[in-house]
Novice: 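Please see the structure below; I have some questions.
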Amino acid sequence: MSLLQSIRTVIAPPHKAATPFLALTGLVTLIGRATPWRATRWVGHVGLAGLAFCLYFFRDPKRVPPARANLALAPADGHVTSVELATPPAALDMGDQPVWRVATFLSVLDVHINRMPSKGIVTRVAYHAGQFINASLDKASDLNERNEVRLTLDDGRHMAIVQIAGLIARRIVCYAEEGSRFEPGERFGLIRFGSRTDLYLPHGVTPLVSVGQKMVGGETVIAEL
């Protein structure tokens, strides 16, 4: 990624989900700055810091998916923490045969917009309440609060995207509804503040990424379908 691209990522406009947070921190900043008493000026500094953090955290940079068809793209920014065979979530009715699962951990510094890995139709969405342990741990896939999405490809195969809340994250946002059609790289939700996104590939598809690799949501190729 070039320096110009890095700058554009940092100063990208915020996602609409940031609106209430920007309004709150902006109000606190104005109140603190407008108060004539020196003893309360720290409120304005705290508000300004919060405003800057929200602008950075909720940034929503433009992404350009590869022109090639039949690819599975990264559903989130972050670093790959595991690449292993795993049974798809039972609620998505994808069978009990293990498939390759690529887990991407998002720190609070990563872009938190989730993007569809391929073209297809959402055929099932399942939400599960749960714990908020460190999302980088393997058991987070089964224990943490999460939202599971089954994407049916045009050829009938399925893949699953699972949004997992983390140690700090307390809110999963998903705009995908059953019957909705998505294009590769299209936004479908986000998680705040720090989380994990798992991608379960179709049967017989092998991932091309390794643990520790940096992911760019909607652009990095995870596998060929």
Novice: Report the distance from atom SG of C174 to atom CG of N114, rounding to the nearest 0.5 Å.
Specialist: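 Here the rounded value is 8.0 Å.
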Novice: Would N147 and V162 satisfy side-chain contact (heavy atoms from CB on, under 4.5 Å), going step by step from the backbone distance to the final call?
Specialist: CA-CA 6 Å; N147 188 66; V162 183; over 6 Å; no
Novice: Quick check: does any side chain N or O of S82 sit under 3.5 Å from a backbone N or O of E84, one acting as donor and the other as acceptor?
Specialist: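 Between the backbone of E84 and the side chain of S82 there is no qualifying donor-acceptor contact (under 3.5 Å).
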Novice: Find out if a path of hydrophobic residues (ILVMFWY) with successive side-chain heavy-atom gaps under 4.5 Å connects L199 to Y127.
Specialist: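 No, L199 and Y127 fall in different hydrophobic clusters.
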Novice: Calculate, to the nearest 0.5 Å, the distance between atoms CD and CG belonging to E186 and L73 respectively.
Specialist: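 Nearest 0.5 Å value for the CD-CG distance: 12.5 Å.
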Novice: Would you please test F105 and H79 for side-chain contact (heavy atoms from CB on, under 4.5 Å) and show each step?
Specialist: CA-CA 5 Å; F105 178 74; H79 287 84; 5.7 Å; no
Novice: Counting only N and O atoms by type, is there a donor-acceptor contact under 3.5 Å from the side chain of R115 to the main-chain atoms of G218?
Specialist: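 A pair under 3.5 Å: no.
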Novice: Please name the residue in the list D77, T220, D110 that meets the side chain to side chain donor-acceptor pair (under 3.5 Å) test with K214.
Specialist: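 Result for side chain to side chain donor-acceptor pair (under 3.5 Å) with K214: D110.
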Novice: On a heavy-atom basis, which atom in F182 and which in R187 lie closest, and how many Å separate them?
Specialist: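 The answer is CE2-O, 3.6 Å.
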Novice: Using 0.5 Å steps for rounding, measure from the CD atom of Q97 to the CG atom of L85.
Specialist: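 With rounding to 0.5 Å, CD (Q97) is 9.5 Å from CG (L85).
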Novice: Is the backbone of G217 close enough, under 3.5 Å, to the side chain of R63 for a donor and an acceptor to pair up by distance?
Specialist: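 It does hold such a pair.
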Novice: May I ask you to decide whether R124 forms a salt bridge with E178, counting only side-chain N to carboxylate O separations under 4.0 Å?
Specialist: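 So R124 does not pair with E178 through a salt bridge.
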Novice: Using modelled atom types and a 3.5 Å cut-off, is there a donor and acceptor pairing between side-chain atoms of E145 and backbone atoms of H128?
Specialist: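 Looks like no, no N/O pair under 3.5 Å.
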Novice: Measure the shortest side-chain to side-chain distance between T197 and I161 over non-hydrogen atoms and say whether it is less than 4.5 angstrom.
Specialist: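 In short, these two side chains touch, coming nearer than 4.5 Å.
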Novice: Write down the atom of A165, the atom of I191, and the distance for their closest heavy-atom approach.
Specialist: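 Residues A165 and I191, closest heavy atoms: CA-CG2, 4.4 Å.
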Novice: Run the side-chain contact (heavy atoms from CB on, under 4.5 Å) check on E224 and L71 step by step: do they pass?
Specialist: CA-CA 5 Å; E224 295 185 353; L71 297 175; 3.9 Å; yes
Novice: Which atoms form the tightest heavy-atom contact between P65 and P184, and what is the distance?
Specialist: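 Taking every non-hydrogen atom into account, CG-O, 3.3 Å.
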Novice: Less than 4.5 Å apart, side chain to side chain, heavy atoms only: is that true for R181 and V122?
Specialist: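 Contact flag for R181/V122 side chains = no.
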Novice: Check whether any side-chain heavy atom of Y200 lies under 4.5 Å from a side-chain heavy atom of M159, and answer yes or no.
Specialist: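 No; the side chains remain at least 4.5 Å from each other.
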Novice: Taking C-beta and beyond as the side chain, do P202 and L153 meet within less than 4.5 Å on heavy atoms?
Specialist: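 Side chain of P202 against side chain of L153, heavy atoms only: contact under 4.5 Å found.
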Novice: If you count the non-hydrogen atoms of other residues, nucleotides and ligands that lie under 6.0 Å from CG in D96, is the total more than 12?
Specialist: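 It does not: D96 CG has 12 such atoms or fewer within range.
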Novice: Indicate the atoms forming the closest heavy-atom contact of H203 with M94, along with that distance.
Specialist: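 The pair with the smallest heavy-atom distance is NE2-O, 3.7 Å.
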Novice: Whether the side chain of E219 engages the backbone of V216 through a donor-acceptor N/O pair (distance < 3.5 Å, no angle test) should be reported.
Specialist: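 No, because the side chain of E219 does not come within donor-acceptor range (under 3.5 Å) of the backbone of V216.
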Novice: At what distance, to the nearest 0.5 angstrom, does NE2 of H112 lie from OG of S195?
Specialist: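 Atom-to-atom, H112:NE2 and S195:OG are 4.0 Å apart.
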Novice: Give a yes or no on whether M215 and L225 share a hydrophobic cluster (residues Ile, Leu, Val, Met, Phe, Trp, Tyr; joining criterion: side-chain heavy atoms under 4.5 Å apart).
Specialist: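 Linked within one cluster.
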Novice: Between the side chains of D198 and R146, is the shortest nitrogen-to-carboxylate-oxygen separation below 4.0 Å, so that they form an ion pair?
Specialist: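 No.
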Novice: Within the 4.5 Å heavy-atom criterion, are F188 and E177 side-chain neighbours or not?
Specialist: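 Sidechains of E177 and F188: no contact.
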Novice: Specify the closest pair of heavy atoms between P207 and V102, including all atoms of both residues, with the distance to one decimal.
Specialist: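 So the minimum-distance heavy-atom pair works out to CB-CG2, 3.9 Å.
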Novice: Do side-chain atoms of E148 reach the backbone of A91 as a donor and acceptor pair under 3.5 angstrom?
Specialist: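 Such a contact is absent between E148 side chain and A91 backbone.
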Novice: May I ask you to test the P88-V99 pair for a side-chain heavy-atom distance under 4.5 Å?
Specialist: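 Yes, close enough: below the 4.5 Å cut-off.
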Novice: How about T123 and L151: do any of their side-chain heavy atoms sit closer than 4.5 Å?
Specialist: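 With C-beta onward as the side chain, the pair stays apart.
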Novice: Determine, stepwise, if the pair I113 / D60 fulfils side-chain contact (heavy atoms from CB on, under 4.5 Å).
Specialist: CA-CA 7 Å; I113 307 299; D60 185 9; 3.6 Å; yes
Novice: Do P66 and V221 have side chains that approach each other closer than 4.5 Å (heavy atoms only, starting at C-beta)?
Specialist: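 Counting from C-beta outward, P66 and V221 do come under 4.5 Å.
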Novice: Spell out, yes or no, whether V83 and I222 are grouped together once hydrophobic residues are joined by side-chain heavy atoms under 4.5 Å, including indirect joins.
Specialist: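 As far as the 4.5 Å side-chain criterion goes, I222 and V83 are connected within one cluster.
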Novice: With distance as the sole test, does R196 use its side chain to make a donor-acceptor pair with the main-chain N or O of T104 at under 3.5 Å?
Specialist: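 Flag not set: sc R196 to bb T104 has no pair under 3.5 Å.
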Novice: Which heavy atom of V80 sits nearest to which heavy atom of S210, and what is that distance?
Specialist: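 Scanning both residues completely, I find the closest heavy atoms to be CB-O, 3.5 Å.
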